[in-house]
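Numbers restart at 1 for each chain; the letters A, B, ... are given by sequence-line order, proteins then strands.
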Protein chains: 2
Amino acid sequence: MKQTDSTPTSRHYHHGDLYQSLLLMATEMISEGGTESLSMRKLADRVGVSRTAPYHHFKDKNVLLCAIAEQGFERVEKLLLEARTEEEPESLRRVFTQYVHTYIELAHRHREQYDLMFGREIWRNGTPTESLQNRSRQHFKSWLNWIEDLSNQNIILSGDSTLRTAQVCWATLHGLCRLLNDGIYTEQSHLKEMVDTAVSMMLKHS
Amino acid sequence: MKQTDSTPTSRHYHHGDLYQSLLLMATEMISEGGTESLSMRKLADRVGVSRTAPYHHFKDKNVLLCAIAEQGFERVEKLLLEARTEEEPESLRRVFTQYVHTYIELAHRHREQYDLMFGREIWRNGTPTESLQNRSRQHFKSWLNWIEDLSNQNIILSGDSTLRTAQVCWATLHGLCRLLNDGIYTEQSHLKEMVDTAVSMMLKHS
DNA sequence: AGCGATATTTTGACACTGTCAAGATTGATT
DNA sequence: AATCAATCTTGACAGTGTCAAAATATCGCT
């Protein structure tokens with residue numbers, strides 16, 4: 001039997017696929033101690049390679065972080081698409097409310113990753129990967145698309161521009177996530193009530 | 001004439017009031033290059049003292065940052081109080097709208113400081129000073145107070161709980177600041193329209 | 001099977017960071 | 001003038017990201 005890389009059990013040569021291992025371990029470390037607790041050296045150590053080994057799979061620490069953020073975007077994108085597929089005309093409000101709820105919960109469960117997705121670490125300090133930028137834009141497009149739908153169905157309170165509405169609604173969502181994640185002015189226990197309040201602000205009062 | 005510290009021209013001994021100089025220079029450095037660009041060593045260097053001199057005035061880098069953040073809170077607190085004093089019963093909507101606008105502008109003009117006020121640097125990595133915590137809480141109380149007022153005057157769309165309304169409105173404000181500051185999904189040129197959209201979501205449609 | 005090319009990893013090094021401990025300097029107070 | 005406390009400096013340590021050069025392992029080809 002030829003011993004290709006595809007056999008996962010094969011403990012072959014240098015390490016196997018360091019790339020995936022690094023990504024996984026880094027995600028774990030971040031989720032536990034935040035982005036700041038992740039150092040390239042500790043990561044390498046924990047995976048069992050030398051300090052500079054990771055640099056052959058990720059050009060930068062920045063690129064590594066971008067990769068992790070990207071996975072976050074994939075997750076929320078999937079969430080949104082799932083929410084939109086189960087539309088039953090009359091319960092659109094419920095679907096939307098449910099989505100907001102789940103979204104914020106998700107952002108909280110993976111708070112550190114969420115911070116990475118929208119935080120300054122990447123978007124101001126670092127330089128977002130082309131790939132990350134695309135995925136981020138794509139996600140907002142999906143969101144905008146939904147808002148347009150809700151607007152057409154006369155469910156959401158849209159002003160002059162649907163784009164502006166989408167931006168503001170998104171800001172509300174995002175603001176809630178941040179406040180809850182950082183524990184500023186709110187606690188997790190307020191989640192449900194706050195979501196209800198937020199949604200009733202965004203949607204038309206039936 | 002006795003040579004007290006108050007003469008600013010006097011190039012007297014140890015430095016004069018390092019505390020203030022450090023605070024000022026640190027604020028400047030942050031506003032230019034972000035929190036990350038501020039290192040205690042560079043700061044000391046730029047002020048003209050040795051590396052560890054600042055540590056006799058600020059226990060930590062963290063404490064320094066807290067002091068800067070605190071000044072930010074003082075500023076927004078003042079802004080809010082000013083806005084509330086000029087209430088003419090019928091133009092409350094205008095006052096509120098104006099405030100939101102000014103607030104976001106302010107947050108943008110001092111974006112790095114704003115990030116410090118609400119960012120993870122202090123609130124998750126570091127440990128907020130007692131003093132900072134108080135001022136932060138105080139500011140939210142002022143905000144809540146205003147929302148309660150608007151709610152009583154039947155201007156704002158309040159649900160079951162005014163507290164929740166205040167939290168959500170604040171989240172919207174905060175979310176907008178962050179998106180604009182970080183340039184995510186929006187640009188500064190959208191400001192006015194977005195504020196209008198946001199306010200019309202928060203207030204009752206007259 | 002063997003050999004060279006290529007992919008992968010390591011060691012050494014550098015400049016930078018925050019901050020502690022110990023010593024030196026200065027101003028005020030008695 | 002002498003003492004004391006405030007203030008500042010020097011030296012040191014562990015930790016960081018990342019580059020350059022060397023070492024090693026695997027693959028493709030003859």
Please determine, for the side chain of [X], which listed nucleotide ([options]) has the closest atom?
{"X": "B:M40", "options": "D:dT10, C:dG18, D:dT16", "value": "C:dG18"}
{"X": "A:R51", "options": "D:dT9, C:dG12, C:dT9", "value": "C:dG12"}
{"X": "B:L18", "options": "C:dT10, D:dC8, D:dG17", "value": "D:dC8"}
{"X": "B:K61", "options": "C:dG18, C:dG12, D:dT9", "value": "C:dG18"}
{"X": "A:V49", "options": "C:dA21, C:dT10, D:dG17", "value": "C:dT10"}

Rounded to the nearest angstrom, tell me the gap between atom [atom1] in [X] and atom [atom2] in [N].
{"X": "B:Y55", "N": "D:dG11", "atom1": "OH", "atom2": "P", "result": "18 Å"}
{"X": "A:D45", "N": "D:dA14", "atom1": "CG", "atom2": "P", "result": "16 Å"}
{"X": "B:D17", "N": "C:dG27", "atom1": "CG", "atom2": "C1'", "result": "15 Å"}
{"X": "A:D60", "N": "D:dT16", "atom1": "CG", "atom2": "C1'", "result": "14 Å"}
{"X": "A:R46", "N": "D:dT16", "atom1": "CZ", "atom2": "P", "result": "11 Å"}
{"X": "B:L65", "N": "C:dT19", "atom1": "CG", "atom2": "C1'", "result": "15 Å"}
{"X": "A:F58", "N": "C:dT9", "atom1": "CZ", "atom2": "P", "result": "12 Å"}
{"X": "B:E36", "N": "C:dC16", "atom1": "CD", "atom2": "P", "result": "18 Å"}

Query raised in the report: Between the base of C:dT9 and the side chain of A:H56, is there a donor-acceptor distance below 3.5 Å?
Result: yes
Query raised in the report: Taking atom types as they are modelled, is there a donor-acceptor pair under 3.5 Å from the base of D:dG15 to the side chain of A:R41?
Result: no
Report task. Determine, stepwise, if the pair A:E70 / A:T129 fulfils side chain to side chain donor-acceptor pair (under 3.5 Å). Result -> CA-CA 9 Å; A:E70 216 173 312; A:T129 304; 5.5 Å; no
Query raised in the report: Less than 4.5 Å apart, any side-chain heavy atom of B:T165 and any of B:L157?
Result: no
Whether [X] contacts [N] is assessed here as follows: a side-chain N or O lying under 4.0 Å from the phosphate OP1 or OP2. Is that the case?
{"X": "A:S50", "N": "C:dT11", "value": "no"}
{"X": "B:H57", "N": "D:dA6", "value": "no"}
{"X": "B:T52", "N": "C:dC20", "value": "no"}

Query raised in the report: Starting at the 5' end of DNA chain C, which residue's closest nucleotide do you reach first, A:A53 or B:L38?
Result: A:A53
Query raised in the report: Can you name the one residue among A:Y99, A:F140, A:W170 that meets ring pair (Phe, Tyr, Trp, His ring centres under 6.0 Å) with A:W146?
Result: A:Y99
Query - Pairwise 5' ranking along DNA chain D for A:S37 and B:P54, keeping only the more 5' one - result: B:P54
Query - Closest heavy-atom pair and its distance - A:F58, A:V63 - result: CD2-CG1, 4.2 Å
Query - Sugar-phosphate only, base, or nothing, as touched by B:K42 at under 4.0 Å among non-hydrogen atoms - result: sugar-phosphate
Query raised in the report: Among all residues two or more places apart in sequence or in another chain, which pass the side chain to side chain donor-acceptor pair (under 3.5 Å) test with B:H57?
Result: none
**Report entry** Identified side-chain contact (heavy atoms from CB on, under 4.5 Å) counterpart of A:I147 within the set A:I156, A:I155, A:N152, A:L163
**Finding:** A:I156
